[in-house]
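Since the structure comes first, as structure tokens, the remarks are kept for the end.
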Amino acid sequence: MKRIYLDNNATTAVRPEVLEGMLPFFSEAFGNPSSIHWAGSQVSPAIETARRQVAQLLNCHPAEIVFTACGSEGDNLALKGTADALGERGNHIITTAVEHPAVLDTCRYLEKRGIEVTYLPVDEEGLLDLDLLEKSITPRTILISVMWANNETGVIFPIREIGAIARRHKVRFFSDAVQAAGRLSVDVQEAQVDLLSLSGHKIGAPKGVGVLFIRKGNPLTPLIHGGHQEMRRRAGTHNVPGIVGFGIACQKALEELTSVPRRVESLRDRLQDGLLTLVPEVKVNGSLRHRLPNTLNLCFAGIEGEALLLHLNIAGIAASSGSACTSGDLGMSHVLEAMRVDPLLGQSSVRLSLGRNTAAEDIDRVLEVLPPIVQKLRDMSPFWQAGSCCGASGGY
Amino acid sequence: MKRIYLDNNATTAVRPEVLEGMLPFFSEAFGNPSSIHWAGSQVSPAIETARRQVAQLLNCHPAEIVFTACGSEGDNLALKGTADALGERGNHIITTAVEHPAVLDTCRYLEKRGIEVTYLPVDEEGLLDLDLLEKSITPRTILISVMWANNETGVIFPIREIGAIARRHKVRFFSDAVQAAGRLSVDVQEAQVDLLSLSGHKIGAPKGVGVLFIRKGNPLTPLIHGGHQEMRRRAGTHNVPGIVGFGIACQKALEELTSVPRRVESLRDRLQDGLLTLVPEVKVNGSLRHRLPNTLNLCFAGIEGEALLLHLNIAGIAASSGSACTSGDLGMSHVLEAMRVDPLLGQSSVRLSLGRNTAAEDIDRVLEVLPPIVQKLRDMSPFWQAGSCCGASGGY
Amino acid sequence: MYSDKVLDHFTNPRNVGEMTNADATGEFGSSHCGDTIKVFLKIENSLIQDIRFKTFGCAAAIASSSMMTEMVRGKTLEEALKLTNEMVAEALDGLPPEKMHCSCLAADGLHKAIKNYLDGNK
Amino acid sequence: MYSDKVLDHFTNPRNVGEMTNADATGEFGSSHCGDTIKVFLKIENSLIQDIRFKTFGCAAAIASSSMMTEMVRGKTLEEALKLTNEMVAEALDGLPPEKMHCSCLAADGLHKAIKNYLDGNK
Ligand SMILES: Cc1ncc(COP(=O)(O)O)c(C=O)c1O
Ligand SMILES: Cc1ncc(COP(=O)(O)O)c(C=O)c1O
């Protein structure tokens, strides 16, 4: 059975070019880049090359790149580092109700430590009201934190407009771009963001490496104190192979930015159109106009998402509901809840996220496999009768 | 020219068995272990195997192991996490003047946030006064933080005795065992430590992965908030290949614990004896009795350490002065300063740290190369005249 | 994550469906996660002659429902009332800890249907 | 990290040593890092006929000392006084930023020796 991977928003395979570039840095060029001898100087230029490659993807200066261990670390560093460094100036953070847990949980923690947090609502398409955002700014506001694109629905936020608002009010602006990188142009100058987080494993680099862009002149309190690495913004021996891999992945992402996302988008659209045609009472979650090219989040009225996922998995198709890291959670995703999706319908949500390796045959196979599974589950659902759903609002 | 690596306290090469074990987890078994589909369930057992392997090295329960990104992260999590979680109970931390910057810098940061820190002095051999340690405990003391072995001198602290003191006073005890693991038996039950940090790249695992042992019943505030990973103690997608590699490295370290350190020690002793015989006015830094088997820290009166290191490097020999991550620093190491080494003498310090790959020929070559370099530098030193040093206290 | 038995009952659930001439029905929904079961019983001489179910829920809920029907078909109402969630989970060779609550659905739905039957007969 | 010129002057420093019949000596220590230079001059008709140095310090300090001696040998005292640390660093094809202060040693030690000479001759 051919396995089909449609969970690229959870993680991606390391690209072969990336792995190849990393391999020498495990056992041969294994030195600590902070060392002054050959074993260190063999390695430190590779770190700086990677820094330039990342900076090129973001259109920033290499010195503004700090390597971290993951997207979550970057999110925590941006939020806690700002709250700590700007504590004298204010204690108010504005974010959205649909951020990744790495932002939301951090905000909830900061609330316990005296920070006030405004969680902006979204509308039924998952979009923000920018007037409300601007009105929420107070003299005590130190940070606006809005993700570039949502991991569950793929909804893209108007980062450029938000950047302009933040500049106008002289408030720092952080964007979690973990899902946006490699799928959209992520240009920190155009968007006027001050802080921006990335995660390697979402763009074909390995797990265990991330990036926080910190615009010059925006000092942060480190999350990890210690050695002098990363200009004292993040201590700890550099994850050399991971960083090298991240650099290559960024270079590849930039090269392919005009081709791959477009191809992926046409496959995604084919999948979406096919499912909407073949399965009744399906709802697409998230704005159709402002959406990542690779993401398709659907509700199938009358059935439960995990049951559908497990059937798909048995058929070799990997997908997920909500973000993978909260799959220990029960109940509806906080993102769909914020979009006021009916609670019963919200339980049927499934995220299909395509990647650069997705093939047209994969889509054909999903279109063949998925509709009968939905039918089978609906046939045994007490909420589904004679082709229509009694409990759910349904309809697309 | 054969290259000789004597900087194993800075970092080590990834062991071939480790790399081999990691390789499938980059591009083949690349799933997110939190995912419920095949790509996740392919991977999650490997994480749990690694957790058991680490737990075996430390003699603890696998559920007490939290995977981090590096030793520094573990140190920060232990200190900040305790300060935050036990803030109601007290605000006093006891540590030593010779900890790694990941502990010292974190303590200095915490001091700015209202925590009181006692930095215990060491004597000229680098050893602690345990009476003083015990007397420093107050009703407000929430944590004792003493490293298992010092990274610069290799001095080993009496962790078991300190553990007993901490238990008697019902104070949490954290030990940074980054340098001890794989070189000594690190048994958290015997030593009665509650928290203990490790770093993968010091024991033949790759850079980018670490561990914090958290004894059951010692809740910590996470450093990285977000997803449900690691039982909510550390968010962020698991660095699967790194974790797998860490597990294998721990297993190997345990297997070799009765053989490799002993062999390394005899090489280190041969190096030490040779240098003391061949070079006049050399001082060994740190207790000869309580010292890691692989570490040799020396002062060569009359010359400057970095100049010596660079000459060694030109001869293909990698060594370092102090900890690699502070090589951006100028002046004497804080460890030698705490040991009251004469400031001029302290500038001549060099750390030679052996590893499992060190061969007898390597030692011979160092004994051949190093003495003439010292002579050459002394010949051009204004502090060295006719075979004796005017500025330094000298002598071993 | 799931045992082979769970997967078997999930992919190939026994006794799924409705019953037009049921002697009793019972619906039960978990307040915890919204999973819902509807149980249909055909009862003769205090024996469960036939049983059908419909379930909205995850794999654990569906497999528990299916296993439950197999465990009580042909049993007396008295015996059926003694069926516990733990017995269902055990018969499935266990459930992941975070999914244990899903097995409640099955026994509780069954008991509801029997109770409805007994109440109606009184 | 270091340029080839730095490495050359470090491994093969010119004019190292003492001078028994020096017309002037000067010692200068960096308060920043403890690096120390001692400069010995042989002066005739306000010309630096010969120069020697001894330096305690890192590679940058040693290379700067060596380069400095090459730059001023045969020069007049007046010219030698115009030598700056930047000129020494530049002649070495640059130094790492955190090592720039090491080049101070060389020019400052030279100037100290010349000053001692001029003070003594006055
Ligand atoms: C004693 C000690 N603690 C902590 C660390 C920090 O480890 P890492 O560089 O993996 O963050 C080191 C390594 O330099 C160390 O020697
Ligand atoms: C939007 C977003 N932010 C942050 C993260 C966290 O990234 P990581 O798992 O690398 O810590 C993710 C990935 O799950 C994400 O999708």
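Note that this is a predicted model, so its numbers are computed, not measured. Each chain gets a letter, A, B and so on, in the order the sequences are listed, and its residues count up from 1.
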Can you confirm whether A:Met231 is buried at CE, in the sense that more than 12 heavy atoms of other residues, nucleotides or ligands lie under 6.0 Å from that atom?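 Counting neighbours around CE of A:Met231, 12 or fewer heavy atoms of other residues, nucleotides or ligands fall under 6.0 Å, so no.
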Neighbour count >12 (heavy atoms, 6.0 Å) for atom CD, A:Glu20: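 Count not over threshold, so no.
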Chain A contact via [X] - side chain, backbone, both or neither, heavy atoms under 4.5 Å:
{"X": "B:Ile314", "answer": "neither"}
{"X": "B:Thr12", "answer": "backbone"}
{"X": "B:Ala29", "answer": "neither"}
{"X": "B:Asp75", "answer": "neither"}
{"X": "B:Asp105", "answer": "both"}

If you tally heavy-atom pairs under 4.5 Å against chain B, which of [options] wins?
{"options": "A:Asn76, A:Asn239, A:Leu19", "value": "A:Asn76"}
{"options": "A:Trp38, A:Phe26, A:Tyr109", "value": "A:Trp38"}
{"options": "A:Pro206, A:Gly226, A:Ala235", "value": "A:Gly226"}

Does a side-chain heavy-atom distance below 4.5 Å link [X] with [Y]?
{"X": "B:Asn357", "Y": "B:Tyr5", "value": "no"}
{"X": "B:Lys2", "Y": "B:Asp362", "value": "yes"}
{"X": "B:Gln42", "Y": "A:Arg3", "value": "yes"}
{"X": "B:Asp84", "Y": "A:Arg113", "value": "yes"}

Atom group of [X] that falls short of 4.5 Å from chain B, counting heavy atoms:
{"X": "A:Leu223", "value": "both"}
{"X": "A:Arg108", "value": "neither"}
{"X": "A:Leu312", "value": "neither"}

Go through [options] and name the one with the most non-hydrogen pairs under 4.5 angstrom from chain A.
{"options": "B:Pro222, B:Ala39, B:Ser72", "answer": "B:Ser72"}
{"options": "B:Gly236, B:Ala318, B:Ala319", "answer": "B:Ala318"}
{"options": "B:Gly31, B:Pro16, B:Pro241", "answer": "B:Gly31"}

Indicate whether any N or O donor in one side chain lies under 3.5 Å from an N or O acceptor in the other, for A:His37 and B:Asp7.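 Their side chains do contain a donor-acceptor pair, which is all the 3.5 Å distance test asks for.
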Taking the side chain from B:Glu230 and the backbone from B:Arg233, do they hold a donor-acceptor pair closer than 3.5 Å?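 No; zero donor-acceptor contacts below 3.5 Å.
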Cation-pi check for B:Phe25 against A:Lys207: NZ or CZ below 6.0 Å from the six-membered ring centre and within 45 degrees of the axis, yes or no?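 No, A:Lys207 does not lie over the aromatic ring of B:Phe25.
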